[in-house]
Amino acid sequence: KGKAFVRAPVSSILINEANKAIGVVVKGHCIFSKIVVSAISSTITYKYLIPQTHQHLVQSHLKIIESPELASETGYMSMFVGLQGDSDELNLPKGNLWVCPSWNHDENMKKFRNDYSADFPAIFISFASAKDPTYHTTYPKKSVASIIALGFYEHVEDFKDKRVKHRGDAYNQLKDQWKERMLEIFLKEFPNLKDKIVYVDNGTAITNDFYLGTYHGAACGLAHTPERFRQVEILSPISPIKNLYLSGQDMLTCINLRTRTNLPDRFHAVPNVQYLDIIVDENNDSSEDSFGQNLPPLLHLTNFELRSITQPWTLEELLLLFNQLPIVKNIALYLVSYDRRLVEEEQCSLPHIPKLSRLQRVSFYRSMPSDLNHFSLVFHAAPNLVRLDLPFEFLWQLIENQQIRHVLGQRITSLFIHQNTMSSSSVAFNEEQVPILASTFFRVDVLFTDLTHLRNSPITLPNDNIIEDSTVSNLPVDECQQTNEVVSPGSSESMVICLLREFKKHKLVGLGIRGQFCKILKTNAKQWFQQNTILSNQRFDAVFNDKLHQLLIWM
Ligand SMILES: Cc1cc2nc3c(=O)[nH]c(=O)nc-3n(C[C@H](O)[C@H](O)[C@H](O)COP(=O)(O)OP(=O)(O)OC[C@H]3O[C@@H](n4cnc5c(N)ncnc54)[C@H](O)[C@@H]3O)c2cc1C
């Protein structure tokens, strides 16, 4: 039980004599709590919310956060444009656009920093209304554009202490100058919108500080420099003050590496990384390198993804890798292996598998180890595994193995079944297999499955003529309204009914299905479920997303 406040800026954190956070001050009111979590800028938290009496406790943190290597110097400016007309009419793209004066980004940044009349180093243009399929239902004949430019705090710092909207003529002139230039670039890219603009407003780095609570107008918090990966102790949710924790963008450090160096070098480069996504280059010169004993541990890594299909992996190498990731929670590996213990039926002894107690999710993409008895040891080593993502053919293979079937049944609560990797695959997901799956995965509360291999049911007209769904849209309106749905055996609708019936006997609360469905289900999913499934007397919600061809049901 608790309360949520809006329009409630925290002005100070309450800290007692024992140096423990005990609450916050909001608009002059003290709100007491057992712990305080600050989800805003770490700089603002330490610099402005910690009272003077306790500033000495955070000085060493502040010194590092405000060092030139970490402090974010780049803020941004925004411009919001209102347009008359919908996306189709105005031909608005769903993608974003970046406009830069040249490829020399560093030089362009430097020029603009020294002279705010120089070219903008980068302009970002996006039409949020074109991306939202429901936008025009709520706001017919209207569209919006957001234009963002990099902006330096120092250009507007002189005006920061003046009241918002009353910052004076000099500030307004500066804003207007930027507005005109941003508009010019916008209209150069979209000249057809010139006469459609009905509203324009823009903001600077100090606008962001006022409305969003940013520090010096920064869009993404602290600087994304190599220093960030060395300071994980400082940029940690645990603060120097007891019961005060930090969260949000300054505490999240992730990296995607595309390099030509070998794996140990990459691990050495980012010792404190938390999220790591490595794609081993196809032309990697160091393919001869083996990481042997040189692979350092990544003690903070929680999420790891590795794609390496140029050189084969042995089981020992994989186990060495697992050993160096002591707190990893999510691993996705996309590897090639000729190690017979992983790929052949032959029985042979396995080396020791370390406990994978943080492993929560396993995904299979392209192939399955054929020695499932040995592979089941990996599942056994992961007591907290809860999510499985794989094509149906692999799932079926897995649960044919008694040991694996038992261990997965006990552990998995989220099951994501994807399309088979080959259309010629001998097993396709159908209704006969559903009861077996449901009784195996009796703990599953979230199920997602791809049923695009099944056809939707046809539709009957009142005189019992059966027609294909695709022709419904061509029927006259009154005739269309009189159509009835029939759920034909083997159709995607019949499969949905079956999945609900079987999995609902256990713990199912969320069901997502990708596939082709009859028009009636697509236009009013909730009503269809009320009329056709066991959900008729229950509280639930169902929606169909036309763009993704996806049904979502929450019970
Ligand atoms: C224009 C723009 C475009 C962006 N585009 C992308 C993008 O395309 N992709 C991407 O990944 N990231 C993007 N980002 C960055 C992304 O939005 C941020 O990294 C992310 O929102 C940070 O989340 P957060 O929870 O840490 O902080 P925030 O989302 O900033 O949440 C902090 C909240 O705390 C509130 N707050 C501040 N001070 C106080 C206070 N004293 N008391 C109480 N509440 C307070 C704020 O009002 C805010 O609601 C963009 C940012 C901007 C500004």
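Counting starts at 1 for both ligands and their atoms, in listed order. Computed from heavy atoms alone, side chains included, the values below leave out hydrogens, waters and symmetry copies.
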Under the criterion side chain to side chain contact (heavy atoms under 4.5 Å, CB included), I'd like the reasoning laid out for Trp554 against Arg539: C-alpha separation, chi angles, the key distance, then a yes or no. CA-CA 9 Å; Trp554 288 101; Arg539 280 185 64 159; over 6 Å; no
Which residue in the set Asn208, Thr207, Asp209, Thr43 passes side-chain hydrogen bond (donor to acceptor under 3.5 Å, both in side chains) when paired with Thr214?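 Going through the options one by one, the only one that passes is Asp209.
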Just checking, any donor-acceptor pair under 3.5 angstrom between side chains of Tyr76 and Thr204?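 Thr204 and Tyr76 do not have a side-chain donor-acceptor pair below 3.5 Å.
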Any donor-acceptor N or O pair under 3.5 Å, side chains Gln177, Gln173: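 No.
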Stacked cation flag Lys526 on Phe540, 6.0 angstrom / 45 deg: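 Verdict for Phe540: a cation-pi partner in Lys526.
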Could you tell me if Arg514 sits above the aromatic ring of Phe448, with its cationic atom closer than 6.0 Å to the ring centre and no more than 45 degrees from the axis?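 Pair Arg514/Phe448 does not count as cation-pi.
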Are any protein N/O atoms closer than 3.5 Å to the N/O atoms of ligand 1? If there are, list each pair with names and the distance to one decimal place.
| from | atom 1 | to | atom 2 | distance (Å) |
| --- | --- | --- | --- | --- |
| ligand 1 | 19 (O) | Gln249 | OE1 | 2.6 |
| ligand 1 | 26 (O) | Gln249 | N | 2.7 |
| ligand 1 | 41 (N) | Val10 | O | 3.1 |
| ligand 1 | 42 (N) | Val10 | N | 2.8 |

